[in-house]
Amino acid sequence: MNSETKKRISAYFESNRDALKSEFVELLSKFVACRTVNVVKSRLSEFPYLKERGEESQMSALVENWAKQEGFEYETHARIPRRGNIILHYGEKKGPFLFVPGHTDVVPPGDGWDSDPFMLKIDGDIVRARGVADDKGPLAASLLALKIVKNAGIRIAGDFQVAALADEEAMGADGIDFGMIYLLENGLVNADMAIVPDIGGNMRKIDIAEKGIVNYEVKATGRQAHGSTPEKGINAINGMAKYLMRLQTHEFAYTEHPVLGHCTVNVGEIHGGAAPNIVPGGCAAVIDMRLVPGQTAEGARLELLQLADGLNCEFTVEIKSQMASHEISKNSELIRIVSDATEEVCGERPQTMGLGGGTYAKFLNHAGIEAIGFALGDHDAMHMANEYASISEHLQYAHVLAIAAAELTGG
Ligand SMILES: [Zn+2]
């Protein structure tokens, strides 16, 4: 990248800092006022202000207005009207395409808030509301990066795209997705690489690998009997208890991964029994496993099944859902350029790391689009009461992203 481009971006940023700050706060306060709570359909009745889960079109409409006002080209896509997505573009489309997808839905507020979760509370440099860190703040900062590049008069040979997408927090929860997976399945993401602004990490981390996520259902079948004559039945809850004790000490077969570390196992749900006076004939547990490269969902399923050998209930183990792991090379240009821009603005190079959770980067990498996670905000603030973020850190992120995006797209 020629240093002239970098200088122009930084000069624009410095001389417009106050205006950018006001614009960020204004955008974010409009964003958080949209109650785009995304929950599974069965819980929708707890949120009387929603007709459809998420209703992210409230947000995509705001972003569309902003795009019109700022003179950006954009496209909108929606599987259903209330759950819209929007992608903004800037560039001549003759060079590399960079995709920066933020999400417009949020998790429910939950309990313990000191102020209205859907009204931006400003306390010096700190803002609080549901979504300020995950992911409405980072989305607003990404939009500012687009504006900085354009208004600094940078010519982009490729395409710098910022997207506001629905349905990240309860992705495909009812068996159908309205955001990233919908776009990918329909060939609507046209990019060579992506930066996902949604991992927290205060710009000190770059997510280059993510574990696979597999949910298993383990079912124990015994024999039902009257509760007064337990000897006539086979208690499936007791069988499951023995199974889970074995699971706690079982060592799965895998090799520790240099970035992702170890495979993890969590027993997240257990269901069984009908009444105290019935010997339960069935019991089921749902197990969430995070697999490292080298492990397969089927391999771990067979291990889970073998664990039941010799127990007096019958056991089955079924894969309920699965997403494979991914990793990208530490030597990727994308990582180098984002790290350089961060060092330039923040004075510190981010560290590469892996995640046990899944972000948009997983789906993008699986679709052949090299993607990293790189974001601002404190990961511990996400999904919590009194979710918070720093205004100045958002502005820094916009500055870093503007420099990195310009270089990545041939600015
Ligand atoms: Zn998020």
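Numbering of ligands and ligand atoms starts at 1, following listing order.
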- Message: Quick check on the 6.0 Å ring-centre criterion: do F374 and Y397 meet it?
- Response: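 Yes; Y397 has its ring centre under 6.0 Å from that of F374.
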
- Compute the centroid of each ring, for H250 and then for F252, and state whether the two points are separated by less than 6.0 Å.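 Yes: the rings meet the under 6.0 Å criterion.
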
- Message: Using the rule side-chain contact (heavy atoms from CB on, under 4.5 Å), only one of E55, H103, R130, Q58 pairs with T36; which is it?
- Response: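 Single side-chain contact (heavy atoms from CB on, under 4.5 Å) partner of T36 among E55, H103, R130, Q58: Q58.
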
- Query: Just wondering, is there an N, O or S atom on E169 that's nearer than 2.8 Å to the Zn ion (ligand 1)?
  - Reply: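 Coordinating: no.
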
- Query: Does any N, O or S atom in D198 come within less than 2.8 Å of the Zn ion (ligand 1)?
  - Reply: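 Within the cut-off used here (under 2.8 Å), D198 does place an N, O or S atom near the Zn ion (ligand 1).
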
- Task: Among the N/O/S atoms of D134, select the one at the shortest distance from the Zn ion (ligand 1) and name it.
- Result: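 Relative to the Zn ion (ligand 1), the closest nitrogen, oxygen or sulfur of D134 carries the name OD1.
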
- Query: Between Y254 and H262, how do the two ring planes meet: parallel, tilted or perpendicular, split at 30° and 60°?
  - Reply: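 Y254 vs H262 ring planes: perpendicular.
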
